[in-house]
Q: 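What follows is a structure written as structure tokens; I'll ask about it next.
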Amino acid sequence: MEHWLQTIEINLIGSFYLVRAILPSMLATGGGKIIQFSGGGAAYGRPFFTAYSASKASLVRFTESLAAEVRDKNIEINAIAPWACKEPDVG
């Protein structure tokens, strides 16, 4: 349970705190861009990495929802998964 909560706190809540810290400045200066790192866990299930996968999938939904909220304020927010080129062979 401790590992699960720590993973959620780092990957999802940590990203929330980051956005919370920088968004007011972007709103005050007329816009900006935020790039979040999601990862393969958001793209497909990963056996034995359930906390990671859940946190990264949640990060993608958080990013998409927030992007829609601030789009008209000239702020772009995206989540990228640079290492998620293909589903891993878990066979």
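One-based numbering along the sequence shown.
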Q: Could you give the side-chain donor-acceptor pairs of residues 1-11 under 3.5 Å, partners two or more places apart or in another chain?
A:
from  : atom 1 : to    : atom 2 : distance (Å)
Trp4  : NE1    : Thr50 : OG1    : 3.4
Thr7  : OG1    : His3  : O      : 2.9
Asn11 : ND2    : Ser55 : OG     : 3.0

Q: If two hydrophobic side chains count as joined below 4.5 Å and joins carry through other members, does Phe16 share a cluster with Val60?
A: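 In one cluster: no.
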
Q: Who passes side chain to side chain contact (heavy atoms under 4.5 Å, CB included) against Leu27, sequence neighbours left out?
A: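 Listed in chain order: Leu23, Lys73, Ile75.
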
Q: Please answer: with hydrophobic residues joined when any side-chain heavy atoms are less than 4.5 Å apart, are Phe37 and Leu18 in the same cluster?
A: no

Q: Between Thr63 and Ala79, which heavy-atom pair has the shortest distance, and what is it?
A: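 Answer, listing the atom of Thr63 first, then Ala79: CG2-N, 3.7 Å.
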
Q: Establish whether Ile13 and Leu66 are linked, either directly or via other cluster members, by ILVMFWY side-chain heavy-atom contacts under 4.5 Å.
A: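 Yes, it is one cluster - the side chains of Ile13 and Leu66 are joined through contacts under 4.5 Å.
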
Q: What residues, two or more places apart in sequence or in another chain, satisfy side chain to side chain contact (heavy atoms under 4.5 Å, CB included) together with Ser15?
A: Gln36, Leu59

Q: With sequence neighbours excluded, what pairs up with Glu76 under the salt bridge (Lys or Arg N to Asp or Glu O under 4.0 Å) test?
A: Lys33

Q: Kindly give the heavy-atom pair with the smallest separation between Asn74 and Gly30, and that separation in Å.
A: ND2-O, 3.0 Å

Q: Let me check something: do Val70 and Ile80 share a hydrophobic cluster, defined by ILVMFWY side-chain heavy atoms less than 4.5 Å apart, either directly or through other members?
A: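 Different clusters.
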
Q: Under the salt bridge (Lys or Arg N to Asp or Glu O under 4.0 Å) rule, collect the residues that match up with Arg71, sequence neighbours excluded.
A: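 For Arg71 there are no salt bridge (Lys or Arg N to Asp or Glu O under 4.0 Å) partners, ignoring immediate neighbours.
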
Q: With a 4.5 Å cut-off on side-chain heavy-atom distances among I, L, V, M, F, W and Y, is there a chain of contacts connecting Phe62 to Met26?
A: yes

Q: By the side chain to side chain donor-acceptor pair (under 3.5 Å) test, which pairs, at least two apart or in different chains, include something from residues 18-30?
A: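 The answer is none; no pair qualifies.
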
Q: So, taking the atom named CD1 in Ile77 and the one named CD1 in Ile35, what distance separates them when rounded to the nearest 0.5 Å?
A: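 Going from CD1 on Ile77 over to CD1 on Ile35, the span is 11.0 Å.
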
Q: Quick one: salt bridge (Lys or Arg N to Asp or Glu O under 4.0 Å) pairs with a partner in residues 47-62, sequence neighbours left out?
A: Arg61-Glu64

